[in-house]
Visitor: 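One structure coming up, written as structure tokens, with questions to follow.
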Amino acid sequence: MQIPGFDEFITQYPVFEYRILETSEISVQERVRIVCEKECERYGTTWACPPGTGSLGECQERIHSYRHGLFFSSVAEVSDLFNMEEMLSTRKEHEKLTEEIQDYMKKQGLDCFILSTESCDICPTCTYPDSPCRYPEKMHPCLESHGVVVMELTEQQQMEYSLGGNSILWFSLILFRPLQKEEE
Ligand code: SF4
């Protein structure tokens with residue numbers, strides 16, 4: 001599926017590589033979410049993290065309910081790869097870029113759902129698990145929360161996963177489908 005004017009639009013942005021893929025090509029694996037559980041302090045603290053994102057089966061169903069996805073990367077340079085604060089500060093730029101691309105896609109009549117790099121820190125205190133998310137439209141679960149193995153997807157799509165040196169690649173997947181499908 002083509003996104004009208006997208007090739008021209010995307011040249012304005014520092015996107016390193018992108019692919020438009022069929023979501024049937026995307027498989028999900030529980031082992032990624034086990035890493036979340038074992039290694040991430042945000043696990044079980046927001047609606048953007050497992051298990052708040054639902055079971056693996058529900059995540060797979062959500063992904064496949066959109067027929068296509070725009071999978072892309074952007075590059076950030078840091079002075080020290082081990083400086084977590086500096087590294088995370090570059091993530092915000094990628095998130096802004098992801099939002100801007102989604103805005104364009106929505107203007108083309110597409111219904112979108114973002115999987116990105118975040119857990120969610122929009123609210124000072126998350127409502128999880130007591131009441132629904134306050135801003136479901138603004139909150140973007142990370143790819144891993146849905147069991148997507150980013151390294152495998154880059155291999156499958158013949159994209160770079162890392163560049164070496166002090167460069168970081170951030171990845172997002174914007175799932176999309178024609179808006180009218182929601183109204184059928
Ligand atoms: S938007 Fe607020 S309520 Fe929703 S996941 Fe993020 S922090 Fe939690």
Side-chain angles (χ1 to χ4, degrees), residues 1-23 25-26 42 46-49 52-53 59 62-79 81 84-124 126 133-146 148-151 153-154 156-163 166-183:
M1 180 179 179
Q2 297 297 315
I3 306 170
F6 187 75
D7 287 342
E8 194 180 346
F9 165 78
I10 203 70
T11 57
Q12 305 169 61
Y13 290 92
V15 165
F16 181 65
E17 289 180 298
Y18 74 90
R19 301 284 187 273
I20 293 176
L21 40 92
E22 302 246 345
T23 56
E25 299 174 76
I26 302 171
R42 303 301 298 271
T46 82
W47 290 109
C49 302
T53 49
C59 289
R62 189 173 299 124
I63 289 172
H64 290 169
S65 71
Y66 295 80
R67 177 133 179 239
H68 294 93
L70 170 70
F71 182 53
F72 66 92
S73 58
S74 73
V75 188
E77 299 287 336
V78 290
S79 60
L81 273 184
M84 189 61 77
E85 201 175 321
E86 185 187 10
M87 191 179 88
L88 292 181
S89 71
T90 67
R91 191 175 68 176
K92 294 227 176 295
E93 279 304 306
H94 178 83
E95 290 303 317
K96 189 162 161 269
L97 170 69
T98 302
E99 288 272 359
E100 288 179 14
I101 293 173
Q102 177 188 239
D103 287 349
Y104 176 82
M105 293 169 71
K106 283 186 168 175
K107 282 184 191 145
Q108 307 312 307
L110 298 171
D111 174 32
C112 300
F113 184 81
I114 293 175
L115 293 176
S116 190
T117 66
E118 298 184 306
S119 71
C120 184
D121 54 9
I122 293 173
C123 311
C126 185
C133 172
R134 293 186 187 99
Y135 305 109
E137 289 292 317
K138 290 190 192 164
M139 174 278 268
H140 309 312
C142 68
L143 282 147
E144 290 78 7
S145 76
H146 277 56
V148 177
V149 187
V150 173
M151 188 191 281
L153 198 52
T154 57
Q156 181 191 318
Q157 296 297 323
Q158 299 186 308
M159 294 166 70
E160 297 290 346
Y161 179 69
S162 67
L163 297 174
N166 281 0
S167 302
I168 301 166
L169 281 177
W170 294 111
F171 292 89
S172 289
L173 173 65
I174 306 180
L175 302 164
F176 64 94
R177 60 191 173 194
L179 195 54
Q180 58 268 30
K181 190 171 178 191
E182 284 245 300
E183 294 156 4

Visitor: For residues 136-143, run the donor-acceptor check on the side chains, cut-off 3.5 Å, and write out each pair with its distance to 0.1 Å, sequence neighbours left out.
Guide:
residue : atom : partner : partner atom : Å
His140  : NE2  : Glu99   : OE2          : 2.6
His140  : NE2  : Lys138  : O            : 3.4

Visitor: Using the side chain to side chain donor-acceptor pair (under 3.5 Å) criterion, which residues pair with Ser119? Sequence neighbours excluded.
Guide: Arg42

Visitor: Return the orientation label for the Tyr104 and Phe9 ring planes: parallel under 30°, perpendicular over 60°, tilted otherwise.
Guide: parallel

Visitor: Atom CG in Leu169, atom CZ in Phe16: separation rounded to 0.5 Å?
Guide: 6.0 Å

Visitor: Using 0.5 Å steps for rounding, measure from the CG atom of Leu70 to the CD1 atom of Ile20.
Guide: 6.0 Å

Visitor: Under the side chain to side chain donor-acceptor pair (under 3.5 Å) rule, collect the residues that match up with Glu144, sequence neighbours excluded.
Guide: none

Visitor: Could you tell me which residues satisfy side chain to side chain donor-acceptor pair (under 3.5 Å) with Ser79, sequence neighbours excluded, listed by chain and number?
Guide: Glu86

Visitor: For the pair Glu25 (side chain) and Gln156 (backbone), establish whether a donor and an acceptor sit closer than 3.5 Å, ignoring hydrogens and angles.
Guide: no

Visitor: Does the Thr23 side chain pair with the main chain of Arg67, one donor and one acceptor, at a distance under 3.5 Å?
Guide: yes

Visitor: Could you pull out all residues at least two apart from Asp103 that satisfy side chain to side chain donor-acceptor pair (under 3.5 Å)?
Guide: none

Visitor: Has the side chain of Arg91 got a donor or acceptor atom that lies under 3.5 Å from a matching backbone atom of Thr117?
Guide: yes

Visitor: Given the rule in the side-chain contact (heavy atoms from CB on, under 4.5 Å) test, do His94 and Phe72 qualify, once you have shown the distances and angles that lead to the verdict?
Guide: CA-CA 10 Å; His94 178 83; Phe72 66 92; 3.7 Å; yes

Visitor: How long is the straight-line distance from CD1 of Ile63 back to CG of Leu115, given to the nearest 0.5 Å?
Guide: 5.5 Å

Visitor: Relative to the ring of His68, is the ring of Phe176 parallel (under 30°), tilted (30 to 60°) or perpendicular (over 60°)?
Guide: parallel

Visitor: Who pairs with Tyr161 by ring pair (Phe, Tyr, Trp, His ring centres under 6.0 Å), at least two apart in sequence or on another chain?
Guide: none

